[in-house]
There are 2 protein chains.
Amino acid sequence: MRLKELASHLGLSQTTVSRALNGYPEVNEETRQRVLDAARRYDYRPNASARRLATGRSGAIGIVLPTDRNLLLDPHYVEFQAGLGERLMKDEIDIVLSPSRAGDEMATYRRMAVSSRVDAVILSSPTVGDPRVALLTELGLPFVVHGRADSPIDHAWLDIDNEGAFRHATKHLLDLGHRRIGLINGETRQTFAIDRERGFRNALAAHGVAADERLIAEGIMTDETGYRLTARFLAEAPRPTALLVSSMMMSLGALRAIRSAGLVLGRDVSMIAHDDVIPFLNPDAMVPTMSTTRSSIRAAGTRVAELLMEIVADGRAPDSIHELWPVDLVIRGSTGPAPRD
Amino acid sequence: MRLKELASHLGLSQTTVSRALNGYPEVNEETRQRVLDAARRYDYRPNASARRLATGRSGAIGIVLPTDRNLLLDPHYVEFQAGLGERLMKDEIDIVLSPSRAGDEMATYRRMAVSSRVDAVILSSPTVGDPRVALLTELGLPFVVHGRADSPIDHAWLDIDNEGAFRHATKHLLDLGHRRIGLINGETRQTFAIDRERGFRNALAAHGVAADERLIAEGIMTDETGYRLTARFLAEAPRPTALLVSSMMMSLGALRAIRSAGLVLGRDVSMIAHDDVIPFLNPDAMVPTMSTTRSSIRAAGTRVAELLMEIVADGRAPDSIHELWPVDLVIRGSTGPAPRD
DNA sequence: GAAATCATTCAAAGCGCTTTCAATCGACCT
DNA sequence: AGGTCGATTGAAAGCGCTTTGAATGATTTC
């Protein structure tokens with residue numbers, strides 16, 4: 001069923017039918033009802049390409065998907081995407097995934113922009129001075145960064161307070177008497193990891209405790225990295241009595257390492273992990289339950305979608321968008337007072 | 001830069017330029033070169049919507065994304081998507097994700113088809129007699145099922161040999177002397193889980209061993225389910241000496257339960273888990289290393305993309321597409337001879 | 001009662017491509 | 001020489017929608 005047919009069925013012009021369907025005010029209410037009824041009856045759906053061509057808007061937002069970076073291997077990513085989708089669904093906006101090899105990423109963004117395939121894009125996993133910010137700004141393709149790119153160019157971003165989260169968590173451990181605290185971080189190419197390390201160091205400094213560089217390490221956020229780094233830390237003498245871990249996935253490995261060393265989590269070693277609220281990594285289901293810094297990555301996805309819509313549909317100025325979300329510190333069974341020796 | 005401008009820059013008609021760019025044979029080679037050079041120089045990119053409108057093809061394939069089913073929470077899904085993307089990238093085909101609430105799924109497929117947003121779709125996690133197969137067939141929207149829908153309607157599918165995989169794995173355990181073997185399966189709504197259970201039972205039957213229904217259980221494939229079901233099995237008397245587990249994620253929980261019971265994996269209890277080759281769940285990195293039935297879900301994604309292209313671009317008949325992939329049985333440290341009691 | 005205003009509706013002009021159908025120009029054939 | 005054919009190019013007609021500018025009656029206004 002095409003607009004033309006629908007119009008002739010109704011004995012109306014395409015113009016009127018189109019307006020009725022799109023909610024323009026100048027059409028008679030009675031006419032609009034007739035049109036709406038007919039559209040439903042014939043299951044009419046406007047052709048997406050035609051509409052896009054006519055309006056110049058694509059009705060889609062883009063994500064460039066590096067096929068070989070770890071973004072993809074990452075459950076966080078899926079969860080974020082789910083949040084995104086939840087919001088976008090309401091306005092029937094599609095997500096266009098454009099896979100791209102690591103080197104071609106910039107070209108892919110360019111392609112998306114020039115071929116007007118999407119109205120806006122999302123930047124995930126920003127690095128320091130991320131070149132994508134400059135590119136997109138130059139291309140005039142609206143975007144929201146999930147995280148912060150720390151770029152000289154002002155841009156729209158939504159981030160969680162990583163510094164504050166890890167500062168509070170560290171402070172909590174210090175208050176429990178811990179002095180040797182290890183940090184198992186994500187890769188410090190990414191801004192969130194830098195911020196967390198800063199929070200960690202700030203808390204130590206504020207307490208007059210010197211940071212031990214041998215107890216600060218980073219890596220991709222996998223179970224395996226968690227295991228390896230924790231095992232390394234525990235081999236130090238004296239060993240750390242508490243651990244700050246950047247993801248629940250890593251905390252799984254960390255826990256394995258702690259057990260392998262014959263130690264008990266929450267007694268010999270305390271741990272606080274960052275929890276992005278991923279359904280299959282539930283801190284309450286762990287044994288012992290895991291103390292966390294918590295912020296739902298899914299909710300962030302929803303909000304980023306919302307912001308994107310505000311920019312594209314309502315013309316909101318991107319540089320007015322800077323949201324920093326607070327992070328909860330949830331104390332559970334994996335933290336306890338520092339053991340005395 | 002628009003086609004029109006480009007053409008006038010070159011002193012050619014749009015027709016010729018369009019043909020040159022799209023590789024039609026009737027244009028002079030010299031002319032084609034000039035056009036290609038100019039296109040590169042001006043960084044010309046055809047407008048995606050216009051092209052789609054003109055050709056009637058959307059240059060995208062669709063995935064309906066149930067926002068509240070567990071498909072999403074699932075790393076398998078991401079990995080599959082990565083494989084898909086890898087292949088689609090080559091032809092600059094987009095993936096359109098259409099989020100949808102569980103109830104609306106069918107409507108979303110319908111919308112995708114009628115608005116010709118995509119040229120084809122992918123069906124994941126098929127259930128027995130999956131209604132989507134009938135719907136898509138009726139709508140005339142090409143699709144490939146990842147898995148098998150076990151529907152009366154013939155359709156394109158790619159699946160791994162789940163029955164064979166679990167049959168072989170079970171046989172291997174039987175050959176090692178195990179007689180009490182537990183099965184921790186994915187939800188038996190899904191065809192893959194049914195096939196695995198069948199393989200398991202077939203192997204037992206072939207060996208003349210009666211299946212113990214108390215040692216067969218299912219659930220969503222999470223760490224938590226793995227823990228819970230394993231703990232339950234180990235409480236039986238006599239307890240199972242071996243376990244077949246449907247995912248690496250579950251095997252993590254299973255391992256925890258085994259340890260909690262004071263047992264040693266690979267000695268007191270053997271385990272074989274299904275490995276979809278997810279980068280952050282590496283069976284070689286586990287302690288002990290995990291015996292698995294292995295088939296790369298990413299490779300499956302790549303191949304599904306390939307098949308989709310064959311249907312859409314080359315007009316291959318969907319009902320000629322039935323691929324059943326064999327599954328490797330990889331024996332590592334988590335399996336050993338049955339303990340004698 | 002004529003002019004002006006308002007509420008509705010429509011015809012037609014794009015949006016930027018692809019593709020059909022014709023036109024042109026030498027080369028080739030009889 | 002007149003006609004045919006193959007190679008190359010172009011003009012114009014869509015693809016299905018939105019939107020501009022105009023038209024039509026009906027309703028007010030002076």
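Given the structure is predicted, the values throughout are model-derived calculations rather than measurements. Chain letters run A, B, ... following the sequence lines, proteins first, then strands; residues in each count from 1.
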**Prompt:** Is any NZ, NE, NH1 or NH2 atom of the basic residue among B:Asp37 and B:Arg34 found under 4.0 Å from an Asp or Glu carboxylate oxygen of the other?
**Reply:** no
**Request:** Please determine if B:Arg132 and B:Asp130 form a salt bridge, counting it only when a charged side-chain N lies under 4.0 Å from a carboxylate O.
**Result:** yes
**Prompt:** B:Asn22 side chain: which of D:dA12, C:dT18, D:dC17 is closest?
**Reply:** C:dT18
Which pair of heavy atoms, one from [X] and one from [Y], lies closest together, and at what distance?
X	Y	answer
A:Leu136	A:Tyr109	CD2-CD2, 3.9 Å
A:Arg57	A:Val312	NH1-O, 4.0 Å
B:Gly83	B:Thr302	O-OG1, 3.2 Å
B:Asp119	B:Ser58	OD1-N, 2.6 Å
B:Phe80	B:Ile297	CD1-O, 3.6 Å

**N or O in side chain of B:Tyr24 less than 4.0 angstrom from C:dT19 OP1/OP2** = yes
**Request:** Give a yes or no on whether B:Glu30 atom CD has more than 12 heavy-atom contacts from other residues, nucleotides or ligands under 6.0 Å away.
**Result:** no
Interatomic distance, [X] [atom1] vs [N] [atom2] [rounded to whole Å]:
X	N	atom1	atom2	value
B:Glu30	D:dT8	CD	P	11 Å
A:Leu3	D:dT18	CG	P	7 Å
A:Leu6	D:dT18	CG	C1'	15 Å
A:Leu10	C:dC10	CG	P	10 Å
B:Gln14	C:dG16	CD	C1'	8 Å

Atom pairs under 3.5 Å, N or O on each side, protein against nucleotides 7-9 of chain C: can you list them with distances?
{"residue": "C:dT9", "atom": "OP1", "partner": "A:Thr31", "partner atom": "OG1", "Å": "2.9"}
{"residue": "C:dT9", "atom": "OP2", "partner": "A:Asn28", "partner atom": "N", "Å": "3.3"}
{"residue": "C:dT9", "atom": "OP2", "partner": "A:Thr31", "partner atom": "OG1", "Å": "3.4"}

**Asked** What parts of residues 42-57 of chain A reach DNA chain C, counting only heavy atoms under 4.0 Å away?
**Response** A:Leu53, A:Ala54
